[in-house]
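Data first, discussion second: the structure below is written as structure tokens.
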Amino acid sequence: MAHNEYDAIVIGSGISGGVAAKELTEKGLKTLLLERGMNIEHIKDYTEANKEAWDYPHRGDRTQQMIKDYPVLRRKYPLNERNLSWWASDKDSPYTEVKRFDWFRGYHVGGRSLLWGRQTYRWSDMYFEENARQGIAIDWPVRYKDIEPWYDYVERFAGISGSKEGLPELPDSQFLPPMEINCVEKDLAQRIKKLFDGRRKIIIGRCAHATVPMEGRQCQFRNKCWFGCPFGGYFSTQSVTLPAAMKTGNLTLRPWSIVTRLLFDKDNKRATGVEVLDAETMQTYVYKAKVIFLNASTLNSAWILMNSATDIWPGGLGSSSGELGHNVMDHHQGLSASGRVEGYLDKYVYGRRANGIYIPRFRNFFGDKRDYLRGFGYQGGAARSRGVPDSGCYIGTGFKEVMSEPGAWTFSLDAFGEILPYHDNKITLDKTRKDKWGLNILAMDCELKENERKMRVDMLNDAKEMLAALGVKDVEGVDDNDSPYPGRSIHEMGTARMGADPGSSVLNKWNQVWDAPNVFVTDGSFMVSSACQNPSLTYMAFTARAADYAVEELKKRNL
């Protein structure tokens with residue numbers, strides 16, 4: 001095999017790309033894993049993992065110069081002094097906002113698997129069937145029974161902690177022991193069950209953390225996850241899938257490799273490889289393979305397809321249906337409520353739980369009918385704050401003594417709502433602007449519409465009403481005026497949806513590009529709808545399923 005020839009190429013090393021690399025190498029394929037950004041080695045390169053706020057000149061916060069230099073990152077928490085290098089540069093990698101879109105990216109080995117919130121929830125058929133039942137967009141070409149064994153499979157190696165609840169709207173996973181729900185959350189969970197006849201539930205969040213020893217991994221309850229975990233406590237490419245792939249001897253990892261296009265043989269109707277721009281030397285290379293997995297993240301995967309095979313399809317490889325780049329989704333947020341919980345002053349918590357509670361969707365389920373479609377869930381939890389000094393006591397010994405004592409308990413909820421798959425929520429190529437490497441950039445033309453705006457009224461009001469009903473005092477709701485824009489949840493989906501008909505979808509039910517069956521797209525691009533829960537577990541399940549299918553098709557010489 002020539003030095004530039006492989007059995008498989010995986011583009012992108014984040015959550016789904018890492019799974020693809022693991023599965024393909026373990027099945028015997030010599031695999032090239034391409035990442036457009038720098039390498040980050042497990043443990044060695046987690047330089048901020050053991051630092052505290054006082055170790056930084058500005059206590060880890062943002063500076064005025066950073067605010068000036070990063071106009072997009074400044075819109076939310078990614079802009080900070082501690083791990084700024086793990087977020088893509090606004091200057092080097094710009095994009096055009098036809099309508100505002102808050103795009104927070106991680107261009108490095110591991111991608112956002114090092115930065116994600118780690119919440120992991122299955123879908124049930126209540127979600128897979130909603131498009132068809134409501135006449136929205138197109139139907140999913142699969143159902144829960146098709147994905148259930150692959151949820152089982154990826155959960156066992158990822159490590160998902162959670163509690164078995166038997167909820168039809170939120171199927172149980174292959175769980176590790178759950179993180180502990182604290183005393184306030186436990187009591188409020190009992191109250192909400194009685195108040196709403198079991199239709200609303202408070203459960204511990206389901207998260208990708210090894211709560212027991214697992215292949216050398218275990219969560220230490222430090223809650224410093226997004227600086228990299230030296231203990232491998234949470235699931236990431238670095239701690240789980242990359243070591244497994246490397247162990248096979250079949251993986252070649254190449255960072256600083258920007259895939260500019262897929263190479264396509266129009267006679268055989270197959271991709272033959274990829275063209276790569278070395279991000280450091282600006283040299284161009286070609287790598288060939290029998291099968292290609294595209295996992296560059298939802299928007300970047302669409303960008304690569306749009307730049308590929310344009311001599312055949314002006315809109316790019318996969319554009320024959322007219323759906324490539326369309327149907328962009330995220331989850332809308334920025335609505336929350338919180339208040340004070342009386343009592344429990346003899347109780348405290350141990351450790352820093354890297355998780356919270358979850359309230360699954362209850363609107364437009366179980367006989368409830370609203371004037372909008374779909375629904376939302378809540379993440380949040382109870383915590384005990386520090387003491388609050390009396391008026392005038394803001395310095396000296398008295399201040400330190402008060403601040404060393406715990407204050408009152410509080411309880412908060414943050415809402416995450418579903419965005420429908422609108423055809424006119426789209427991305428296109430802006431050929432008038434270039435990035436640092438001279439490449440065309442994306443233009444974002446996406447927005448929340450009437451359905452989401454109606455939903456947001458309930459997202460805020462339900463949170464406030466629930467807390468008040470549960471006995472929480474001084475409840476206040478927050479509507480972040482900066483929040484009703486796609487991208488902020490960092491759950492981009494759509495752009496290359498799957499379907500049963502090549503006339504209305506980019507991919508088939510196996511995540512294959514209709515126009516090039518040896519190209520598989522298994523990041524968020526393939527999603528047909530978005531549900532309201534965090535989507536990464538579903539990407540992982542579909543990726544493992546597609547990798548298994550691809551290898552079987554290779555054996556049959558169908559690819």
Side-chain angles (χ1 to χ4, degrees), residues 75-77 99-102 117 119 121 123 126-127 130 134 136 167 169-170 185 188-189 191-192 195-196 199-203 205-206 328-339 356-382 410-422 425 446-470 472 474-493 527 529-535:
R75 298 173 183 173
K76 208 180 176 189
Y77 66 85
K99 298 185 179 75
R100 177 170 164 175
F101 190 100
D102 298 341
Q119 294 293 292
Y121 301 96
W123 283 33
M126 296 173 74
Y127 293 101
E130 278 190 305
Q134 297 169 349
I136 299 296
L167 306 178
E169 71 274 29
L170 204 68
E185 294 163 350
L188 295 188
R191 292 185 207 173
I192 199 171
L195 283 169
F196 296 99
R199 295 189 305 276
R200 303 185 193 183
K201 308 101 179 172
I202 293 175
I203 64 174
R206 298 171 178 179
V328 176
M329 298 170 284
D330 185 34
H331 292 134
H332 58 108
Q333 52 157 286
L335 302 165
S336 62
S338 62
I357 60 93
Y358 188 63
I359 299 179
R361 174 182 155 188
F362 51 85
R363 287 303 184 196
N364 289 316
F365 276 165
F366 313 118
D368 178 77
K369 181 63 178 175
R370 315 303 292 176
D371 64 347
Y372 53 84
L373 300 176
R374 312 298 167 91
F376 48 89
Y378 293 102
Q379 297 176 27
T410 59
F411 192 84
S412 62
L413 294 175
D414 292 276
F416 289 80
E418 179 169 356
I419 296 179
L420 292 177
Y422 303 104
N425 271 355
C446 314
E447 63 182 355
L448 271 61
K449 299 185 185 295
E450 183 181 7
N451 193 73
E452 290 75 43
R453 288 192 288 270
K454 288 181 177 179
M455 186 188 300
R456 291 177 71 80
V457 175
D458 272 0
M459 289 165 68
L460 182 60
N461 289 342
D462 284 359
K464 293 192 295 183
E465 290 170 2
M466 276 192 293
L467 293 188
L470 290 170
V472 178
D474 304 324
V475 174
E476 293 185 358
V478 174
D479 184 348
D480 181 356
N481 292 326
D482 214 27
S483 66
Y485 301 99
R488 296 180 67 82
S489 291
I490 321 182
H491 296 165
E492 308 99 279
M493 291 168 271
M527 299 287 277
S529 59
S530 66
C532 62
Q533 60 266 53
N534 306 58

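This one's a predicted model, so the numbers in the text were calculated from it and none came from an experiment. Each residue takes its place number in the sequence, starting with 1.
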Is there a side-chain contact between [X] and [Y] (heavy atoms, below 4.5 Å)?
X: E452; Y: L420; value: yes
X: R75; Y: R100; value: yes
X: C532; Y: Y127; value: yes
X: Y372; Y: V457; value: no
X: L170; Y: K201; value: no
X: Y422; Y: E447; value: no
X: V328; Y: I419; value: no
X: F411; Y: M466; value: no

- Item | Backbone of D368 reached by a side-chain donor or acceptor of R363 within 3.5 Å | no
Heavy atoms only: give me the nearest [X]-[Y] pair and the separation to one decimal.
X: D414; Y: S336; value: OD1-CB, 3.2 Å
X: L470; Y: I202; value: CD1-CD1, 4.5 Å
X: S529; Y: E418; value: CB-OE2, 4.2 Å
X: M459; Y: G417; value: CE-N, 3.5 Å
X: Q533; Y: A531; value: OE1-CB, 3.2 Å
X: D330; Y: S530; value: O-OG, 4.1 Å

Electrostatic pair [X]-[Y], nearest N-O below 4.0 angstrom:
X: R374; Y: E130; result: yes
X: D102; Y: K76; result: no
X: R370; Y: D462; result: no
X: R200; Y: E465; result: no

Can you measure from [atom1] ([X]) to [atom2] ([Y]) and round to the nearest 0.5 angstrom?
X: E476; Y: L467; atom1: CD; atom2: CG; answer: 11.5 Å
X: D479; Y: N461; atom1: CG; atom2: CG; answer: 10.0 Å
X: R488; Y: H331; atom1: CZ; atom2: NE2; answer: 15.5 Å
X: L448; Y: K99; atom1: CG; atom2: NZ; answer: 12.0 Å
X: D474; Y: T410; atom1: CG; atom2: OG1; answer: 11.5 Å

- Give a yes or no on whether Q134 atom CD has more than 12 heavy-atom contacts from other residues, nucleotides or ligands under 6.0 Å away. yes
- Query: Name the one of P486, S489, P421 that satisfies side chain to side chain contact (heavy atoms under 4.5 Å, CB included) with M329?
  - Reply: P421
- Message: Would M455 and F376 count as a side chain to side chain contact (heavy atoms under 4.5 Å, CB included) here? Give the steps.
- Response: CA-CA 8 Å; M455 186 188 300; F376 48 89; 3.6 Å; yes
- Query: Who pairs with Q119 by side-chain hydrogen bond (donor to acceptor under 3.5 Å, both in side chains), at least two apart in sequence or on another chain?
  - Reply: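 Only Y121, N355 meet the side-chain hydrogen bond (donor to acceptor under 3.5 Å, both in side chains) criterion with Q119.
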- R456 meets the side-chain hydrogen bond (donor to acceptor under 3.5 Å, both in side chains) criterion, sequence neighbours left out, with H332, S483
- Item | Pair Q379, N534: side-chain N/O donor-acceptor within cut-off below 3.5 Å |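 Per modelled atom types, Q379 and N534 side chains form a pair under 3.5 Å.
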- Message: Test of understanding: with side chain to side chain contact (heavy atoms under 4.5 Å, CB included), list the residues that count as partners of R199, not counting sequence neighbours.
- Response: D197
- Message: Show, in sequence, the C-alpha distance, side-chain angles and deciding distance for L413 and I357, and conclude whether the side chain to side chain contact (heavy atoms under 4.5 Å, CB included) test is met.
- Response: CA-CA 9 Å; L413 294 175; I357 60 93; 3.9 Å; yes
